[in-house]
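Heads up: the structure comes next, in structure tokens.
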Amino acid sequence: MSETDTSGHSTGARSKDSSLSMPPDEMRRLGYRVVDALVARATDLPDDVARVGGRREEMEKLFREPAPEVGRSPDEVLERAMGAILPRAARIDHPRFFAFVPGSPTWPSVLAEFLTAGFNIFQGTWLASAGPSQIELVVLDWFREWLGMPEGGGGLLTSGGSAANLGALVAARERAGNPPEGVVYLGDQGHSSLERAARIGGIAHVRKVPTGDDFAVEPAALERAIQEDRANGLSPFMMCANAGATNTGAVDPLPELAGICRREGLWFHVDGAYGGFAVLTERGKDALDGIGLADSVTLDPHKWLFQPFEVGCLLMKDPGVLEAAFNVEADYLQDVDRDSEHVNFADRGLQLTRRFRALKIWMSVQTHGLAAYRAAIEEAFELAVGAERFVRDSPDLEILSPAAMGVVCYRFKPADGTLDEEELESLNAAIQATIVDSGYAMISSTRLHGRYSLRLCIMNFTSTWADVRGTLQRVLDVGHELGLR
Ligand SMILES: Cc1ncc(COP(=O)(O)O)c(C=O)c1O
């Protein structure tokens, strides 16, 4: 029995024995079970299906239940989580997951997620997280250097590209003095998160600038739009360019757009959520020439930096603009450091309570080294080039956009030319659905200037040429099979 003070509270116990605590041996045993299951999953993944789906009715039957008043055995709970819930999903890191945007986290980054949760780091203020905040500054500075942005730049890590784009729009809007008839420009291939950010940010006008056959913004079209809008009494204040369009991997002409923005006094934002980290390779650096001229850049380490969800990044040439837009002082935070040396990341964005996202990036880059990242990105580029070649060499496949930043758009089109556009669309949609249902690979579709297209997005460091080739061969086989019916 521990001693108690006059209030009746224990004075001696080192740690309180709550019914929410767990004995150390039990903590260890359950933790090892989780690690073993994750390692087995990673090892078996290439032989697994790429996705397990399910209808709502089926999921309701499996999982609908009231919260239990009395806890169950942790092994039983873990069993249901690992055996029933988690596998009923797409394996985004499957080597034949080529849909949407794949993600394949490195093991050190997964361990870092576990560690940050276990240490329960609050990374909103320097006061609560000096070491972690310094690591975020270091990681942000790595990114700044990779992009070729000037010294003094900085920003913050976010939940993803959408949050980073929102931060950029709000910062640019505030910097422009919050014009009531403000206009933001993006290409017609700009990401939907920018439109959503404009809606949240109360920006009156979003103008989509047409792209050419290469899916990149035509600078003259932007210039025309700015003049037109000014003549109509509107206030253009920002251009958002693509550094790798989600649809096609296309990159807008960054140096030209930067020049227009400088001349016209517009904020130049580059959405590099999809392709930004390609700067780590020589060919990516060439493709993204001019990215360092941006006033702000969005990146998504949970894409081409092989991090687990969620982590995005907003980098600003002047992080002071971000603080001017987001910082709101509060009496209950008066004890935190208030000098420019000690960054309170909560002052730079939406979140006060923030998790320590930088550790996973730091641990994985420290463990594997940058050369491994360069090689993995380079390999994805090469696999996409191989995919384009395979499509061009197959008489019954057609390229709709060439390999760019790991993306290839294509469709099944019988060489005899007997199918019209509508028939081609429904045949290709049926091919996509058949392959997804088979579980062999996960592929998705899009529209390119209105035309239905299949799309391969290659970004996973475990994908091989056999995976890419096997998937395209399936498209051909299924196409022939369905086309013959
Ligand atoms: C170009 C681009 N911008 C923004 C986003 C949004 O990023 P997130 O899904 O991380 O919020 C994406 C996501 O695919 C993207 O490809």
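Read the numbers this way: they start at 1 and go in the same order the structure lists the ligands and their atoms.
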Run through ligand 1 for me and note each protein residue having a heavy atom under 4.0 Å from it, chain first, then residue number. V101, G160, G161, S162, N165, H191, S193, G244, T246, D271, A273, Y274, D300, H302, K303
Any residue meeting side-chain hydrogen bond (donor to acceptor under 3.5 Å, both in side chains) with K208, in chain and number order, not counting sequence neighbours: E195
Are there over 12 heavy-atom neighbours, none belonging to F114, within less than 6.0 Å of that residue's CZ? no
Those residues at least two apart in sequence (or on a different chain) that pass side-chain hydrogen bond (donor to acceptor under 3.5 Å, both in side chains) with D271 are N165
Decide whether a cation-pi geometry holds between R474 and Y440; the criteria are a distance under 6.0 Å from NZ or CZ to the six-membered ring centre and an angle within 45° of the ring axis. yes
P46: partners by side-chain contact (heavy atoms from CB on, under 4.5 Å), with sequence neighbours left out: P95
Establish, from distance only, whether the side-chain atoms of Q351 and Q123 form a donor-acceptor pair under 3.5 Å. no
